[in-house]
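The structure under discussion appears below in the form of structure tokens.
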Amino acid sequence: DPILLGQSSEGSSFNNMAVVLESDLGLKTSNQVAIGQMAMHQKTKIGSAGAYATTSTLKYLREQVTTNIIDHHQLTAGLDLNSNTLGVDVNIKNPRCTEFDPNCDATSADYSRTKRSQRDNSAAVYLNDRWSLSPHWTLTGGLRATRDDYLKETVLDPRLGLEYSYSPQTVFFVGAGRHHQEPSRDQSLSEIGNPYLKSIRSKQVVFGVKQNLEQGWSWRAELYKKEFDHFVVSDPVQNYRNGASGSAQGLEVLVKKEM
């Protein structure tokens, strides 16, 4: 694309600070609280297409309670509170393309110019139960509820898993769940995107095995199948909209060495 010719550069920095408090509440119950702030800064220039800069400041509170007070059950409940302030300074050619637009033409696109700041507050609560059915079988179930003020959306993500301990070193597992992922901020900002977008949704099923070896080595293999909908696509009127679906399946293998 001719507009992409010329000097390009990218710079980024971040800092993170947090305080974590862990407490033993007795009765086989523990509590963990974390309060922190993470700031990220990014400046990008793309040839003759223009430049943009973003600053993100995330303030968060995390609390989690874990208890084994019920025999054969490990219950975990938690709360996540987030407040993210995003500042953007954009002056760039914006063809409003997504991964579904292979012939994206940035040269003939209009310039997008905006400088603004916005705050996005979200809250989530979750509950997880790890149930030891027998010395070899473990059933895990969980539910997470999330509210996003910017997207004006409340979503529920259930998960269910089953593990079989073939030996102390080898475990087979199967799991299924539903997940939601927010669209990117450049797609959901009102001036350059569509603030009425909804989260991308997926349903996932996985079957796998993990094994611990000697000298800190371990490996893990997973067969998975995922189905997606509400993918974001370009739109001539709304800039972007939720309008695509798809699926993926494959095998992942991870080999790890603890140092």
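Residue V125 is found in a hydrophobic cluster whose other members, listed by chain and number, are V33, I35, L61, L79, L81; membership requires side-chain heavy atoms under 4.5 Å apart, directly or through intermediates.
The nearest pair of heavy atoms linking W219 to Q211 is NE1-OE1, 2.7 Å. In terms of heavy-atom proximity, E153 sits nearest to K198 at OE2-CB, 3.5 Å. What you find for T66 and Q74 is that their closest heavy atoms are CG2-CG, 3.9 Å. The two residues Y126 and E63 come nearest to each other via the heavy atoms OH-O, 4.2 Å. Across all their heavy atoms, D229 and I200 have their closest contact at O-CG2, 3.6 Å. Scanning all heavy atoms of the two residues, the minimum distance from I69 to K28 falls at N-CB, 4.3 Å.
H72 NE2: 12 or fewer foreign heavy atoms inside a 6.0 Å radius. Heavy atoms from other residues, nucleotides or ligands lying under 6.0 Å from CZ of R147 number more than 12. For K45, the NZ atom counts as densely surrounded, since its 6.0 Å shell holds more than 12 non-hydrogen atoms of other residues, nucleotides or ligands. Residue-environment remark: CD (Q7) stays at or below the threshold of 12 foreign heavy atoms within 6.0 Å. Surrounding CD of Q249 are more than 12 heavy atoms belonging to other residues, nucleotides or ligands, all under 6.0 Å away. The neighbour count for Y166 OH, taken as heavy atoms of other residues, nucleotides or ligands under 6.0 Å away, does not exceed 12.
D24 places a side-chain N or O within 3.5 Å of a backbone atom of G26 that can act as its donor or acceptor partner. Without hydrogens or angle criteria, N94 side chain to S112 main chain gives no donor-acceptor distance under 3.5 Å. Judged by distance alone, the side chain of S134 and the main-chain N or O of H136 form a donor-acceptor pair under 3.5 Å. Although no hydrogens or angles enter the test, the distance criterion places a donor-acceptor pair under 3.5 Å between the side chain of K93 and the main chain of T107. Between the side chain of K257 and the backbone N or O of Q215 there is at least one donor-acceptor pair closer than 3.5 Å. The backbone N or O of S188 lies less than 3.5 Å from a partner atom in the side chain of Y150, making a donor-acceptor pair.
Side-chain contact between D235 and N194 is absent, with no heavy-atom pair separated by less than 4.5 Å. L5 places none of its side-chain heavy atoms less than 4.5 Å from the side chain of S48. Between Y224 and Q204, the closest side-chain pair of non-hydrogen atoms is not below 4.5 Å. Residues R185 and L86 have side chains in contact (heavy-atom distance under 4.5 Å, counting atoms from C-beta outward). For the pair Y60/D80, no side-chain contact is recorded, criterion being any heavy-atom separation below 4.5 Å from C-beta on.
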* Do E222 and F173 pass the side chain to side chain contact (heavy atoms under 4.5 Å, CB included) test, and can you show the C-alpha distance, the side-chain angles, and the key distance before you say yes or no? -> CA-CA 9 Å; E222 294 183 358; F173 58 91; 3.8 Å; yes
Given side chain to side chain contact (heavy atoms under 4.5 Å, CB included), test T138 with S165 step by step and report yes or no.
CA-CA 8 Å; T138 302; S165 296; 5.5 Å; no
Open item on the list: side chain to side chain contact (heavy atoms under 4.5 Å, CB included), that's the test. Do L143 and L127 meet it? Break it down for me.
Closed with: CA-CA 6 Å; L143 179 66; L127 178 66; 5.6 Å; no
Side chain to side chain contact (heavy atoms under 4.5 Å, CB included) assessment of Y52 paired with V88: CA-CA 7 Å; Y52 65 89; V88 295; over 6 Å; no
Checklist entry - Can E22 and Q32 be said to form a side chain to side chain donor-acceptor pair (under 3.5 Å), step by step? => result CA-CA 4 Å; E22 296 182 354; Q32 186 179 73; 2.7 Å; yes
* Asked: What's the verdict on side chain to side chain donor-acceptor pair (under 3.5 Å) for S56 and N84, showing C-alpha distance, side-chain angles and the deciding distance?
  -> CA-CA 7 Å; S56 173; N84 187 31; 2.9 Å; yes
Requested in this report: Start with the C-alpha gap between S83 and N121, add the side-chain angles, then the distance that decides, and say whether side chain to side chain donor-acceptor pair (under 3.5 Å) holds.
Outcome: CA-CA 4 Å; S83 180; N121 297 321; 2.8 Å; yes
Would you please test R116 and S190 for side chain to side chain donor-acceptor pair (under 3.5 Å) and show each step? CA-CA 10 Å; R116 59 164 296 184; S190 56; 2.9 Å; yes
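Rounded to the nearest 0.5 Å, atoms CG (N31) and OG1 (T67) are 11.0 Å apart. With rounding to the nearest 0.5 Å, the separation of OG1 in T170 from OH in Y164 is 10.5 Å. Considering OG1 of T54 and CE of M40, their distance stands at 8.0 Å, rounded to 0.5 Å. In this structure, CD1 in I92 is found 13.5 Å from CG in D110, a value given to the nearest 0.5 Å.
If you run side-chain hydrogen bond (donor to acceptor under 3.5 Å, both in side chains) between H179 and each of R144, R159, K226, R201, only R159 comes through.
Qualifying side-chain contact (heavy atoms from CB on, under 4.5 Å) partners for N239, counting only residues two or more places apart in sequence or in other chains: R96.
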